[in-house]
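Working notes, structure below.
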Amino acid sequence: MTYYDDILCCTQEELLQFCSESNYYKLVARGKINRKRRACKGTPALIEFSSLPLEYREELIKLNGGSPEKTVKHQQFADEIQLDMDAVSFYQNFKANGSPIKKDRQRQLANEASILNAIAMKLKAHLKRQSSGSSQAEFWKNAAKVLPGIKTEWPHKLPTSEKFLKKKFFTYIDENGGYRSLINGNYGNQNTRKVNENLESLLRFIFSQSWKPNHEDVWRDYISFINGVKILVNENTGEIYNPNDYEPISVSSVRSYMKKWSNAVGTEKKRSNSRIGYNAKHRSYADLIVDKSGSIISMDDRDMPFRLKGTTKRVVGYFSSDACSGAIIGWAFAKPKMREDDPHGKGMKLIKDCFRNTFEQLDYYGVNMPAEVEVENHLMSTLKETTLKEGNLFQFVRFAAAENPQEKSIEGFFRVLRYKYDRKIKGFRARPNARNEANQARPGEENVEYSFEQICEIVIDNIIEYNNDLHPNQKKFPGKTRIEVFLENQHPALLPINWRDVSRWIGHQVKTSVNRGEVIANNQKFLLPDPKFMDQTGIGSDCMAYYFRHEAGEENTIYLYKNDEFVCELSNKPQFHKARIEQTDADFKAMGKMQSFTRKIDNRAKEVIKQLNENKVTFVKTEVVQNAVQTGREVEVFEEIEQVFDYTSIQRENRESSLLDEL
């Protein structure tokens, strides 16, 4: 008990020793007792003593060991206590096994030293008066009585019995005692630490059971265990825990242990199995910065916070934003039915529509191709080997970790859109458990509905307003809006948009064929850049034409693929007026282009014909050839022998013949 504004009061803690907490709050709410001061951190609530019911006052008198007026003596003693700053410094710097004393425990020990200092002064004065007949026994009796009454102002854990208080005092003032004597001998002891670790480990096991017990459930199970009512067994090892190794603890101790970070970081994750909640509460991420626009864009889906007519579901949208400027640069919307038709719940068509709208915006603003894209992992993973393979559409692709929405830059932009712009619209659908009163549901707007087109228009108007508001980092971009930062702060190394790749991966596509060098796609005719490409496309065989923003009546480009291999780029087939009076310079250019194309065809035809004329071939019947071969085999061929003349023998024969003639 203590005095507050010269009024005798008791603390809430003292009153709750014999009054239930629920009854206490009922008495306060009904004005049955007078609460002079509310409780706050480090300061207990105070209740006027005279306003308490008689039975409560009697209990307080018993608690204080006599009349409440005796608390005046308590207050007088409390006023004589002076905080010992040397004790404060000692306990702040004291460490046992490298562990400092906790802050609240430091203050408690400093208070105990200060109280014992005051008792020492009182004892010194008492000893001077001892000749008047007062004994030391009476002194220690009064000292023990006064200690409980000063706990409110000077929190301490000094003993309140004469014997143990006297022992504590003389140990403290002894030369070998001092400030260290007030610290428990087991503080920082390795055995104590081990006991605490084992206790915490056991409580973690109980707290992490599949049925998710609360702190009181854990305490009840623990008490049943140490009292032998329940046996605790390790399911993996079969070990039976010994209850004699543990001591009783309170519910508040269980709560304190389980809220300790080193325990909660694991037990809460196991109990909830929620990576999103775990990341949001415990994990810290590097503060990633982006200095230039176009370096990376972020994409994600979002439900529109407005009710769609005829359904309780919401319109779903997909958006893209520039990470540096925060500007929203692409969007697409779909009705809720898309969630039911698509196994992923969002729709790949919606995502492609958002990609297309993004590049339409980039083309409209005349900026280059973004270098990198940041997307969610669980849905976009289906595009890892196609659209979102690095080098296909974007130079770099970043997949955010699963169940970690805060990793994507666009999530922060969504929050600004929702609570600064969408919230102003009538019929805004608030989150059911919004903490901020301004973000909670508004009465009278529960039944406000909009059509699909109206919701899309509202959201786009809010995006335009958002983009044209000042960039949040005015120190870095003074006076610049988000869209101005996006346009004026582009990274200098960005490359022009590669429309061929854009058309191939997120554009429209149509199956077609090539005839006479022409391709028909989206009700328009296109012309090959050169007739020679017909060797690659084939005449009349199937090809795929990809195009972007292909609208009738405009000069467009398509990209022709055969068996997923790029063939060539085609532009609209030239057209010109037939009537010469209507022909203009543009007609003459188109006419020249068309004549050049047909001339190439004719020239190629002439080359082939020339080759045919110069190298004629004919067919011979196989039977004739075979007969000729057989006839050749039947003809006898004699070998021609070369004669060698012996001129000596010839001369001799000639002489002999001449002699015969003479005879």
Within the distance-only criterion (no hydrogens, no angle test), does the side chain of Glu484 pair as donor or acceptor with the backbone N or O of Thr481 below 3.5 angstrom? yes
Are any non-hydrogen side-chain atoms of Asp587 and His577 less than 4.5 angstrom apart? yes
What I want to find out is whether Arg398 reaches Glu372 closely enough, with some N-O distance under 4.0 Å, to be called a salt bridge. no
Gap between atom CD of Gln361 and atom CZ of Phe486 - 0.5 Å precision: 9.0 Å
Pair Thr358, Ser320: side-chain N/O donor-acceptor within cut-off below 3.5 Å: yes
So Met594 and Lys573, do their side chains get closer than 4.5 Å, heavy atoms only? yes
Between SG on residue Cys324 and CD1 on residue Ile289, distance to nearest 0.5 Å: 9.5 Å
Rounding to 0.5 Å, atoms SG (Cys543) and CD (Gln536) come to a distance of 10.0 Å
Would you check if Lys352 and Tyr318 make a side-chain contact, meaning some heavy-atom pair closer than 4.5 Å? no
Counting distance only, does the side-chain N/O of Asn563 pair as donor-acceptor with the main-chain N or O of Glu565 below 3.5 Å? no
Quick one: is the NZ or CZ of Lys309 closer than 6.0 Å to the six-membered ring centre of Phe452, and within 45° of its axis? no
Which residues share a salt bridge (charged side-chain N to carboxylate O under 4.0 Å, His left out) with Lys476, sequence neighbours left out: Asp291
Side chain Glu518, main chain Asn515, donor-acceptor under 3.5 Å: no
Using 0.5 Å steps for rounding, measure from the OG1 atom of Thr267 to the CD atom of Gln209. 12.5 Å
Does CD belonging to Glu488 count more than 12 external heavy atoms closer than 6.0 Å? yes
Could you tell me whether Lys589 and Asp585 have a side-chain N and a carboxylate O separated by less than 4.0 Å? no
Counting N and O atoms only, with roles assigned by atom type, does the side chain of Gln474 sit under 3.5 Å from a partner on the main chain of Gly479, one being a donor and the other an acceptor? yes
Applying salt bridge (charged side-chain N to carboxylate O under 4.0 Å, His left out), can you list everything that pairs with Arg504, at least two apart in sequence or on another chain? Asp564
Beyond-backbone contact of Arg482 with Ser321, side-chain heavy atoms, under 4.5 angstrom: no
Given the options Phe548, Tyr546, Tyr547, Trp505, Trp499 meets ring-ring contact (aromatic ring centres under 6.0 Å, His included) only with Phe548
Under 6.0 Å between ring centres: does that hold for Phe319 and Phe414? yes
Any non-hydrogen side-chain atom of Leu203 less than 4.5 Å from a side-chain atom of Val218? yes
Salt bridge (charged side-chain N to carboxylate O under 4.0 Å, His left out) assessment of Lys349 paired with Asp353: CA-CA 6 Å; Lys349 181 180 181 302; Asp353 287 344; 3.1 Å; yes
Main-chain N/O of Phe359 paired with Asp363 side-chain donor or acceptor, under 3.5 Å: no
With side chains defined as the heavy atoms from C-beta onward, is the minimum distance between Leu417 and Ile328 less than 4.5 Å? yes
Report yes or no: do Tyr421 and Asp469 form a side-chain donor-acceptor pair below 3.5 Å? yes
Short question: side chain of Asn468, backbone of Ile464 - any donor-acceptor pair under 3.5 Å? yes
Atom CD1 of Ile206 and atom NE2 of His215: how far apart are they, to the nearest 0.5 Å? 12.5 Å
Side chains of Val416 and Tyr466, heavy atoms from C-beta outward: is any pair under 4.5 Å? yes
Checking Gln595 now: which residues fulfil side chain to side chain donor-acceptor pair (under 3.5 Å) with it, not counting sequence neighbours? none
Distance alone, cut at 3.5 Å: any donor-acceptor contact between the side chains of Asn368 and Gln490? no
Using a 6.0 Å cut-off, check whether atom CD of Glu607 has over 12 heavy atoms from anything other than its own residue. yes
How many angstroms lie between CZ in Arg418 and CZ in Arg302, if you round to the nearest 0.5 Å? 7.0 Å
Main-chain N/O of Phe588 paired with Gln583 side-chain donor or acceptor, under 3.5 Å: no
Are the side chains of Thr557 and Tyr559 in touch, meaning some heavy atoms are under 4.5 Å apart? yes
Asn467 (side chain) donor-acceptor with Ile483 (main chain) under 3.5 angstrom: no
Answer yes if the side chains of Ser541 and Lys562 hold a donor-acceptor pair under 3.5 Å, and no otherwise. yes
Would you confirm whether Arg356, through its side chain, and Ile506, through its main-chain N or O, come within 3.5 Å as a donor-acceptor pair? yes
Any side-chain to backbone donor/acceptor pair from Gln454 onto Ser451? Under 3.5 Å, distance only. yes
Regarding Arg500 and Glu569, does a basic nitrogen lie under 4.0 Å from an acidic carboxylate oxygen? no
